[in-house]
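These notes concern the structure reproduced below.
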Amino acid sequence: MRDLGLAFRQVWYINKAFVRNPAALFFTLIFPIMFLVIFTVIFGNGHLQVAPGKTVRVATFYVPAIAAFSVVNACYTNIAISLSASRDLGALKRIHGSPLPVWSYMFARILHAVAMAIVLVIICAVFGALFYGATLPTSTLPAFVLTLVVGAAVFSALGVAVTAVIPNADAAPAVVNGTILPLLFISNVFIPLENPSGWIDVVGKIFPLRHFADAMIGSFFQLSGSGLHANDLYVMLAWGVGGLLVALRTFRWEPRT
Amino acid sequence: MAANAVEVEDLRKSYGPVEAVRGISFNVSEGEVFALLGPNGAGKTTTVEIMEGFRSRDAGRVSVLGFDPASGNRRLKEQMGIVLQTTGVDPYLTVAETVDMFRGYYPKPLSRDDVIKQVGLEDKAGSRVTRLSGGQRRRLDVAIALAGDPRVLFLDEPTTGFDPGAKRNAWDVIKGLAGLGKTIFLTSHSMDEVQFLADRVVIITAGKIVAEGTPESLMAGQEADTLIRFGFKGTLPEALRAVAHVDGDAVELVTRDPTRTLYELTSWAVQNGVQLEGLQVTRPSLEDVYLEITKEAEAVGTPA
């Protein structure tokens, strides 16, 4: 219990440093909202079939899609870049030499990222409700929240894991964006995939992002029953477990010299 | 006799084909200020980081306060304070917040204001780390090491890059901690520092111990050259000419037997009515002794 308390205490310090860091604040919190506004303004006018018998305005599609992007951005991108920066500074080594348990520290980092993701998803949902009448359907809310939590956990694990191939803080944005940007374009996030061509479908479904986007969009538009996309969640969880194993085996507390 | 705070026995560590530490052993008593001295690349940081639990060892036994640091035991970490060679704290937190954050990790921390006062950062308590000078960051590092009221402090080259005033202040802080009965493990290249602070010194080069003892005993045990300087124009007696460097009026005699050389010089001068302008005798400093020891060690055994 004391260690859990230490983790929550650590979240408070992480957040203090986070809100004072203009770059982190901009790229984590402002960036996704900017995308939401730009995409809905530029591409929002058409109509799109999100499921058999369900057609919505493209602007509405972007509400859950950018919510998914927000989660990836706050968890994967933010964790990988901020951990690399702390590692290069020697701050991770300093923490590692203290009695703070490793899991308390990692849990705090992830908890903060997930909290940021939730704030962003709420902003997206409010934005959708205000401007596009796209309110969250109450019957699929549990599925939507579950998808959100699983996605945040999976992309946090992957964010920690990817630091193993990041040589230093300068290279972090390149590695992180190089891995996530192409996927954002082919995974039903930045561009709605109404009838994806074969290879985009096949390649996209190898990676967890497509499944996360599909599950978020699916539960948001209430297709049938609970709105839960269990198969998508299984693929994501497999990636999450893989990421966790890589993170446990390869995570480094010290800068590479 | 006090119990040993640190015990190291036949410690070995290689990085690939390079043997950084080649079988070193020493003990540090509780309450002692112990210095590990050596040139760059001698294995000091490797040794201290093994004791701090950051690195694994290849062979040998290490015990810190009765724990094996490789186990990462929390009870051990709670009693240890560490100052690393490089600072590593979040630049966006203030001095007070940083100290508080670390205090929270320990069961019986010192008060925040005491810690900040001890390192002389009272005026900077509300400043963010980004606004501190290099020396102030180093002092913050010491503050973090003190936050948990440790029994053992590891200081890895704590004053490297300090100006003379800041160095003196840091020494006073360390002396003060020693006065409180803390065990202090210091690495340094600076003989001055070690002479001022340490009860006992171990000198290593190329991963091996080459000398060990109190600073005084190291100086007494080592024959190093004494320098005799004076101004003189003319011809020196035969016996002195062999050891003299003459540069115009300036004469330097280098000797390992200063008593005899001085006697020869001054008795000759008095008998012949010669004035030795500005006669000066310089004893070897600990720095010279250290250079002598490390030079000898390198000449004897170059690592395989």
Side-chain angles (χ1 to χ4, degrees), chain A residues 1-28 78-79 81-109 112 168-169 248 251-257, chain B residues 15 45 48-49 51-55 64 67 69 72-94 96-109 128-131 137-138 140-150 152-154 156:
Chain A
M1 268 322 281
R2 187 173 161 254
D3 294 351
L4 193 64
L6 280 176
F8 284 118
R9 197 174 161 277
Q10 194 65 32
V11 172
W12 192 76
Y13 284 107
I14 290 171
N15 191 57
K16 228 176 200 341
F18 175 80
V19 298
R20 290 175 190 170
N21 179 348
L25 212 54
F26 176 79
F27 282 108
T28 307
N78 165 44
I79 285 185
I81 291 177
S82 66
L83 268 185
S84 304
S86 295
R87 187 177 64 185
D88 266 24
L89 270 176
L92 286 189
K93 185 175 182 178
R94 204 72 171 91
I95 294 278
H96 201 40
S98 83
L100 181 69
V102 165
W103 79 261
S104 297
Y105 183 74
M106 280 300 170
F107 186 64
R109 287 252 30 166
H112 182 259
N168 55 57
L248 287 173
F251 189 75
R252 292 168 50 93
W253 295 86
E254 294 181 30
R256 289 196 183 178
T257 44
Chain B
Y15 300 109
T45 293
V48 71
E49 291 205 340
M51 288 188 284
E52 291 164 345
F54 289 120
R55 282 174 210 290
V64 178
F67 297 95
N73 189 295
R74 192 165 170 184
R75 298 282 158 271
L76 171 59
K77 284 182 174 181
E78 285 171 353
Q79 301 181 74
M80 239 175 18
I82 295 173
V83 174
L84 298 164
Q85 264 189 39
T86 48
T87 28
V89 288
D90 198 304
Y92 295 102
L93 296 178
T94 67
E97 286 164 353
T98 305
V99 170
D100 258 341
M101 184 177 96
F102 278 92
R103 286 177 63 244
Y105 305 154
Y106 296 87
K108 287 186 211 108
R128 290 190 194 170
V129 172
T130 29
R131 308 222 174 94
R137 282 189 198 205
R138 208 86 185 97
L140 175 58
D141 247 4
V142 175
I144 293 170
L146 296 179
D149 195 15
V152 181
L153 266 165
F154 291 98
D156 196 1

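Just so it is clear, the model here is predicted, and its values are computed rather than measured. Side chains are part of it too, since the values below use all heavy atoms of this structure and drop only hydrogens, waters and symmetry mates. Chain identifiers are assigned alphabetically (A, B, ...) following the order of the sequence lines, protein sequences preceding nucleic acid strands; residue numbering begins at 1 within each chain.
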Would you please test A/R20 and B/T94 for side-chain contact (heavy atoms from CB on, under 4.5 Å) and show each step?
-> CA-CA 11 Å; A/R20 290 175 190 170; B/T94 67; 4.0 Å; yes

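- Heavy-atom minimum distance, B/E97 versus A/Y13: O-CE2, 3.6 Å.
- Judged purely by atom type and a 3.5 angstrom limit, A/R94 has no side-chain atom pairing as donor or acceptor with the backbone of B/L84.
- Residue contact with chain A, scored on non-hydrogen atoms closer than 4.5 Å, is absent for B/Q85.
- For the residue pair A/A17 and B/Y92, the shortest heavy atom distance occurs at O-CB, 3.8 Å.
- For chain A, the nearby part of B/R128 is the side chain; its heavy atoms alone come within less than 4.5 Å.
- One distance of note links CG of B/D100 with CZ of A/R9; it measures 7.0 Å at 0.5 Å rounding.
- Only the side chain of A/L6 comes within contact range of chain B, with at least one heavy atom under 4.5 Å from a heavy atom of that chain.
- Ranked by heavy-atom pairs under 4.5 Å with chain B, the list A/A85, A/S104, A/G90 is led by A/G90.
- For the set B/E52, B/M101, B/E78, B/K77, the entry with the most heavy-atom pairs within less than 4.5 Å of chain A is B/M101.
- Residues A/L89 and B/V89 come closest through the heavy atom pair CD1-O, 3.9 Å.
- In terms of non-hydrogen atom pairs under 4.5 Å with chain B, the most contact-rich of A/V19, A/I95, A/L92 is A/I95.
- Residue A/S86 does not touch chain B at all, counting heavy-atom pairs closer than 4.5 Å.
- For chain B, the nearby part of A/D3 is the side chain; its heavy atoms alone come within less than 4.5 Å.
- Of all non-hydrogen atoms in B/F54 and A/K93, the two that sit nearest each other are CE2-O, 3.3 Å.
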